[in-house]
Amino acid sequence: MLHAIDNDVVENAFARDVVVGLSADVKTLPSRWLYDERGSELFEEITRQDEYYLTRAETSILRERRRDIADFVEPGTILVEYGAGAGVKTELLLAGLRVPRGYVPIDVAGAFLAETSSRIASRFPSLCVRPIERNFLDTFELPFIGSGGGRTGFFPGSTMGNLSASEGKTLLMQMSRHLGDDGRAIIGVDLQKNLDTLLRAYDDGAGVTAAFNLNLLKRINVELGGNFRLEKFKHVARWNENEKAVEMHLVSLCDQRVTLYGQTFNFSTSESIHTESSRKYTAESFERLARSGGWKVAELWRDADRLFGLFGLIRC
C-alpha cells in the first residue's frame, strides 16, 4: 500500500524517491542516489578492484585507439561529459584529441565535480572548463563556449547500462539537443559475456561493492532520519536474463521495521531493495537503442578480449 506523502517529502526529490520506492510491492530505489560524495569515492575504489574488468578494458581502448578516436572527433571540439565522476578516463581522451577548446563535466556530486574540474583545468590550462552540477537526465542548457569546433558527448564506463531503455533514449535525445546536428558522441558499453565474470565484477572479494550499495542506507539515515541497521542487510548481485542485466539488491536478513519521516516500512526475511541494474549489450542491441535516440553507430572500438565497447555515434 502506498504511503501518504507529506509536503516536506514532495519538496525533497531524494525523500520522495525513497518513500515511493520503499512503499512499492517490490521495493526499489533509483541508482542515481548511490552517488553522494562517499558513494562516488567508493565507486572509484570499485574500479580499482581486480574483478572489475570494465575500467581496465575501457582504458586500454582509449590508449590503444587514441589516434582512431582523435580522427573521429572534430579538431577544436568542446567535450561534454555526462556523469563525469573522477574524470580519469577523460584525461586520456583529452590528451589524445586535437586542440580541444572546452570541457563541460556534468555530475550530481558537487564536491567531486569541483575536484575533477580543478584537476582537469590544471592538467590542460588552455581548456575552458565549465562544470554543471545536475542530474544528466534533467533538462538543462549547456554553457556557451566560443564558436566553431563542434561538440562531442562523452559517456564512459557502463552507466548507459544503468539506465532503462526509456531513460537511455531520453539521454540520447538530450545529447542530440546539446550537441547539435554535427555533434558526435563516444559512449562506453559493457558487452554481454559469461555470467561468472559479470557477477564477480559486481560482488568483489574485498567487499567494496557491498559497502557502496549499503552506503545508500547510511545516506538515508543521515539525510532523511532513517533508522536502517546496516548489519541487518546484505548486498547481493543477481543476473536477470529477461533484462540482460546484473541487478544489485540489498537483502533483509530478518523480519524488521524501518522508520523515516514518521512512516514505517516493513521488511520480511529475504525481501530485497533493488538498487541498480547494469544492462549488458551486444553491438546490435546497442545500435537499436542509439537509433531510437536519433544516433547511428559510425565506429566501434573494442578491447583485445572483446569485453567492452566504445561506440562512436553520429546523428542519423
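Start at 1 with the first residue, then count along the sequence.
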Only one of [options] passes salt bridge (Lys or Arg N to Asp or Glu O under 4.0 Å) with [X]; say which it is.
| X | options | answer |
| --- | --- | --- |
| D17 | R219, R32, K27 | R32 |
| D71 | R65, R66, R98 | R98 |
| K89 | E81, E58, E44 | E58 |

Query - side chain to side chain contact (heavy atoms under 4.5 Å, CB included) assessment of E299 paired with I314 - result: CA-CA 9 Å; E299 300 286 350; I314 60 176; over 6 Å; no
**Report entry** Stepwise side chain to side chain contact (heavy atoms under 4.5 Å, CB included) test for F267 and R257
**Finding:** CA-CA 6 Å; F267 289 82; R257 292 182 176 181; over 6 Å; no
same_hphob_cluster([X], [Y]) at 4.5 Å side-chain heavy-atom cutoff:
| X | Y | result |
| --- | --- | --- |
| V104 | L113 | no |
| L142 | I78 | yes |
| F14 | V222 | no |
| L253 | L250 | no |
| V88 | L127 | no |

Requested in this report: Compute the centroid of each ring, for F233 and then for F228, and state whether the two points are separated by less than 6.0 Å.
Outcome: yes
Between atom [atom1] of [X] and atom [atom2] of [Y], what is the distance when rounded to the nearest 0.5 Å?
| X | Y | atom1 | atom2 | value |
| --- | --- | --- | --- | --- |
| E37 | L42 | CD | CG | 12.0 Å |
| S277 | N240 | OG | CG | 7.0 Å |
| T77 | L94 | OG1 | CG | 10.0 Å |

Query raised in the report: Are any of the side-chain nitrogens in D196 or R200 under 4.0 Å away from the carboxylate oxygens of its partner?
Result: yes
Using atom types as modelled and distance alone, determine if a side-chain donor or acceptor of [X] lies under 3.5 Å from a backbone N or O of [Y].
| X | Y | result |
| --- | --- | --- |
| R315 | S176 | yes |
| D255 | S268 | no |
| S292 | L289 | yes |
| D303 | I61 | no |
| S118 | E115 | no |
| D204 | T209 | yes |
| S252 | T269 | no |
| R279 | L163 | yes |

Quick one, [X] and [Y] - any side-chain contact, counting heavy atoms below 4.5 Å?
| X | Y | result |
| --- | --- | --- |
| V246 | L195 | no |
| N221 | L230 | yes |
| E74 | T152 | no |
| W239 | K280 | yes |
| E167 | L137 | yes |
| R184 | V73 | no |
| L191 | R302 | yes |
| L260 | V19 | yes |

Salt bridge (Lys or Arg N to Asp or Glu O under 4.0 Å) against [X], all qualifying residues, sequence neighbours excluded:
| X | value |
| --- | --- |
| D305 | none |
| E91 | R119, R123 |
| R134 | D138 |
| D182 | none |

Any pair with a residue in [range] that passes ring-ring contact (aromatic ring centres under 6.0 Å, His included), sequence neighbours left out, goes on the list, sorted by first then second residue, please.
| range | answer |
| --- | --- |
| residues 88-120 | none |
| residues 39-71 | Y35-F43 |
| residues 122-143 | F136-F155, F140-H178 |
| residues 285-309 | F72-W301, Y281-F286, F286-F311 |

Query - side chain to side chain donor-acceptor pair (under 3.5 Å) partners for D107, two or more places apart - result: none
Query raised in the report: Looking at residues at least two apart in the chain, or sitting in another chain, which of them share a side chain to side chain donor-acceptor pair (under 3.5 Å) with D203?
Result: none
Around [X], counting heavy atoms of other residues, nucleotides and ligands shown, do more than 12 lie under 6.0 Å from its [atom1]?
| X | atom1 | value |
| --- | --- | --- |
| D181 | CG | no |
| K234 | NZ | no |
| K244 | NZ | yes |
| K193 | NZ | yes |

Report summary line: Across all chains, not counting sequence neighbours, the side chain to side chain contact (heavy atoms under 4.5 Å, CB included) partners of E284 are T282, R288
Requested in this report: Give the C-alpha distance, both sets of side-chain angles, the deciding distance and a yes or no for side chain to side chain contact (heavy atoms under 4.5 Å, CB included) between S272 and R238.
Outcome: CA-CA 12 Å; S272 78; R238 302 171 180 166; 4.0 Å; yes
Query - Pair L34-N215, side chain to side chain contact (heavy atoms under 4.5 Å, CB included): steps then yes or no - result: CA-CA 7 Å; L34 290 162; N215 181 66; over 6 Å; no
Query - S31 and N162: CA distance, side-chain angles, deciding distance, side-chain hydrogen bond (donor to acceptor under 3.5 Å, both in side chains) verdict - result: CA-CA 8 Å; S31 62; N162 299 146; 5.3 Å; no
Query raised in the report: If you group Ile, Leu, Val, Met, Phe, Trp and Tyr whenever their side-chain heavy atoms sit less than 4.5 Å apart, what else falls in with V251?
Result: V236
Report summary line: Of M248, H235, E45, the one forming a side-chain contact (heavy atoms from CB on, under 4.5 Å) with F212 is M248
